[in-house]
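The structure appears below as structure tokens.
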Protein chains: 2
Amino acid sequence: MGIVERKERQRKEVRDSILESAWKLVNEDGWQSLSIRKIADAIEYSVPVVYDHFENKEAILSEFNRQGFKLLGDKVKEAKLANTTAATQLEAIAFAYWDFAFEHKEYYQLMYGLGMPSCESLTKVPELTAFIDVFHTTIAELLKEGGAEQENVWMKVHSFWSMLHGLVSINLMAPPAGHMGLSAEEMNRLILTDFITGFLKGLGK
Amino acid sequence: MGIVERKERQRKEVRDSILESAWKLVNEDGWQSLSIRKIADAIEYSVPVVYDHFENKEAILSEFNRQGFKLLGDKVKEAKLANTTAATQLEAIAFAYWDFAFEHKEYYQLMYGLGMPSCESLTKVPELTAFIDVFHTTIAELLKEGGAEQENVWMKVHSFWSMLHGLVSINLMAPPAGHMGLSAEEMNRLILTDFITGFLKGLGK
DNA sequence: TATATTTCCTAACAGCGTTAGCAAAGGTAC
DNA sequence: GTACCTTTGCTAACGCTGTTAGGAAATATA
């Protein structure tokens, strides 16, 4: 009685081909343009068949979300295991994370919700430069004070902005649960002040 | 002949009411559910009238994008001017940035494209914890080595992840132009290594 | 062979961004 | 005041989206 087995196998094949086609479409035209109808077209089934395997479009996306974090987790773990000291491990982890994001842009964009407007829209905002300039003047001043004027100011500006954005956006998406008897707000305060003192130290302060 | 003036004034009134209604709708139901038809309904005009004032939906969004960066720029500049030393200025800037993001969540989400899935989806991914654990073990080990075991490990883990994500995501959205004779890639390498050494220092290394 | 079940499609609903084309209102000139 | 022109704002449509109801055809069971 291999009939139910065959049916399950065929069912899985359709499910896999949905994910495969979806992934192909995403890599061709990005997340925004992915649609159930396009998937149905690609797998050569009608639209409702897709709904036999996934509750809705978001379920397909969150499947890729899971895949992405699984893959990132593996890469990061692999990088750790390839090193022996904790310091080199952390360094390798950071590089692995970085490389993952740029080798799998589509995954990363989905995982962190990047991409509401087109990705390059940020650089087209004229108000951005005025806002970045405030960072620039302050950091340039600090580097002069610290006697490290020759350092690349723009690198530090970019780091400052980026790290700050990272702290903020992760907090908006996944606020820390609060550990060791500290509330989430106390944690945030700590994280922010810790970041600032660390950054100032990096400027020679 | 105040007729053209009146017409311009009325035109501006409609334009303003479009933005006002859009902003209201966004604050009620988020960016994802904003639609031209809802705006038209709110301003009590038909749909094509909206297109007399904005080329398309994206033009409305980028108007808010500009507003957001303008407001953020003002807050940050204000924080700077309220302080005298560069170090306290930088600190005040960071706090102003932070506060802006949480006081104006809608702006911040639009400005940085957060919000493709619902914002809270991140914490629902089971693969996330496995991936964070790699950070945790490594950083805990480093703190032990540095003799700073009592420090809040989770805070450092959260910082590490957040900053790394910030560096990556800003790079994906607005890659640095390359300054001072360095290519964008060299800049990135510098920024990343600088981050790692800085972070390690913060762990007592 | 007849019945029950699974599989799969057509067709629709309600919404979206966007635009063509027309009616009405407003302003201008005689 | 009447004729003309320009602006204004509408209806209605096109083509797309996610999602689902209901029925036909194929398959499995008795």
Side-chain angles (χ1 to χ4, degrees), chain A residues 1-19 21-26 28-65 110 113 115-118 121, chain B residues 1-19 21-26 28-65 110 113 115-118 121:
Chain A
M1 272 285 183
I3 290 177
V4 293
E5 283 84 350
R6 193 212 60 209
K7 283 203 175 176
E8 266 179 37
R9 206 170 52 238
Q10 285 177 338
R11 209 184 136 73
K12 197 180 174 310
E13 269 174 29
V14 173
R15 199 192 125 98
D16 287 348
S17 85
I18 289 174
L19 291 174
S21 300
W23 187 242
K24 209 183 229 168
L25 289 167
V26 165
E28 279 166 11
D29 302 317
W31 292 107
Q32 299 291 352
S33 105
L34 181 67
S35 81
I36 302 283
R37 279 178 167 83
K38 284 182 193 168
I39 293 173
D41 213 58
I43 64 172
E44 296 177 303
Y45 277 94
S46 70
V47 167
V49 171
V50 178
Y51 286 89
D52 288 340
H53 296 85
F54 294 93
E55 200 188 336
N56 48 34
K57 189 181 176 183
E58 203 176 322
I60 300 177
L61 296 186
S62 72
E63 174 64 35
F64 285 115
N65 210 8
L110 174 70
M116 187 150 103
S118 60
S121 74
Chain B
M1 273 282 185
I3 290 176
V4 293
E5 281 86 348
R6 192 212 61 210
K7 282 202 174 178
E8 266 178 38
R9 205 169 53 239
Q10 286 178 338
R11 209 183 137 72
K12 196 180 174 311
E13 269 174 30
V14 173
R15 197 191 127 98
D16 288 346
S17 84
I18 288 174
L19 291 173
S21 300
W23 187 241
K24 208 184 231 168
L25 289 167
V26 165
E28 280 166 11
D29 302 317
W31 292 108
Q32 299 292 351
S33 104
L34 181 66
S35 79
I36 302 283
R37 280 177 166 85
K38 284 182 191 167
I39 294 173
D41 213 58
I43 64 172
E44 295 177 305
Y45 276 94
S46 70
V47 168
V49 172
V50 178
Y51 286 90
D52 288 340
H53 296 85
F54 294 93
E55 199 188 337
N56 48 33
K57 190 181 174 182
E58 203 176 320
I60 300 176
L61 295 186
S62 73
E63 175 62 35
F64 285 114
N65 209 8
L110 175 70
M116 186 149 103
S118 62
S121 74

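Throughout, a chain's letter reflects where its sequence line sits, starting with A, and its residues are numbered from 1.
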From [atom1] of [X] over to [atom2] of [N], roughly how many Å is that when rounded to an integer?
| X | N | atom1 | atom2 | result |
| --- | --- | --- | --- | --- |
| Ile36(B) | dA14(C) | CD1 | P | 22 Å |
| Lys7(A) | dT6(C) | NZ | P | 7 Å |
| Phe54(A) | dG18(D) | CZ | P | 14 Å |
| Glu58(A) | dT17(D) | CD | C1' | 15 Å |
| Tyr45(A) | dC9(C) | OH | P | 7 Å |
| Glu8(A) | dT27(D) | CD | P | 19 Å |
| Asp41(A) | dC9(C) | CG | P | 12 Å |
| Tyr51(B) | dA20(C) | OH | P | 12 Å |

Measure from the side chain of [X], starting at C-beta and using heavy atoms only, and say which of [options] lies closest.
| X | options | result |
| --- | --- | --- |
| Asn56(B) | dC16(C), dT7(C), dT18(C) | dT18(C) |
| Ser46(A) | dG17(C), dT19(D), dC8(C) | dC8(C) |
| Val47(B) | dT19(D), dC9(C), dT19(C) | dT19(C) |

Legend entry - Gln10(B) CD: over 12 foreign heavy atoms closer than 6.0 Å: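 Atom CD in Gln10(B) is packed in, count exceeds 12.
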Inset, instruction - Verify the neighbour count for atom CD of Glu55(A): are there more than 12 heavy atoms of other residues, nucleotides or ligands below 6.0 Å? - result: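 For Glu55(A), atom CD is not crowded (no more than 12 foreign heavy atoms under 6.0 Å).
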Inset, instruction - Would you indicate whether the side-chain heavy atoms of Ile36(A) and Phe54(A) approach each other to under 4.5 Å? - result: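 No, their side chains stay 4.5 Å or more apart.
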Legend entry - Nearest non-hydrogen partners of Ile39(A) and Val50(A), listed with the distance: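 Reported closest heavy-atom pair: CG2-CG2, 4.3 Å.
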Inset, instruction - Identify the two heavy atoms, one from Ser33(A) and one from Asp29(A), that lie closest to each other, and give their separation to 0.1 Å. - result: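 Where Ser33(A) meets Asp29(A) most closely, the heavy atoms are OG-CB, 3.1 Å.
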Legend entry - Along DNA chain C (nearest heavy atom to each residue), the more 5'-positioned of Glu44(A) and Ser33(B):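 Here Glu44(A) is the residue nearer the 5' end.
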Legend entry - Toward the 5' end of DNA chain D, by each residue's nearest nucleotide, Arg37(A) or Pro48(B):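 So the residue in question is Pro48(B).
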Inset, instruction - Scan Ile39(B) against the nucleic acid and name what it touches under 4.0 Å (heavy atoms): base, sugar-phosphate only, or nothing. - result: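 Nothing: the residue Ile39(B), judged by heavy atoms under 4.0 Å, touches no strand.
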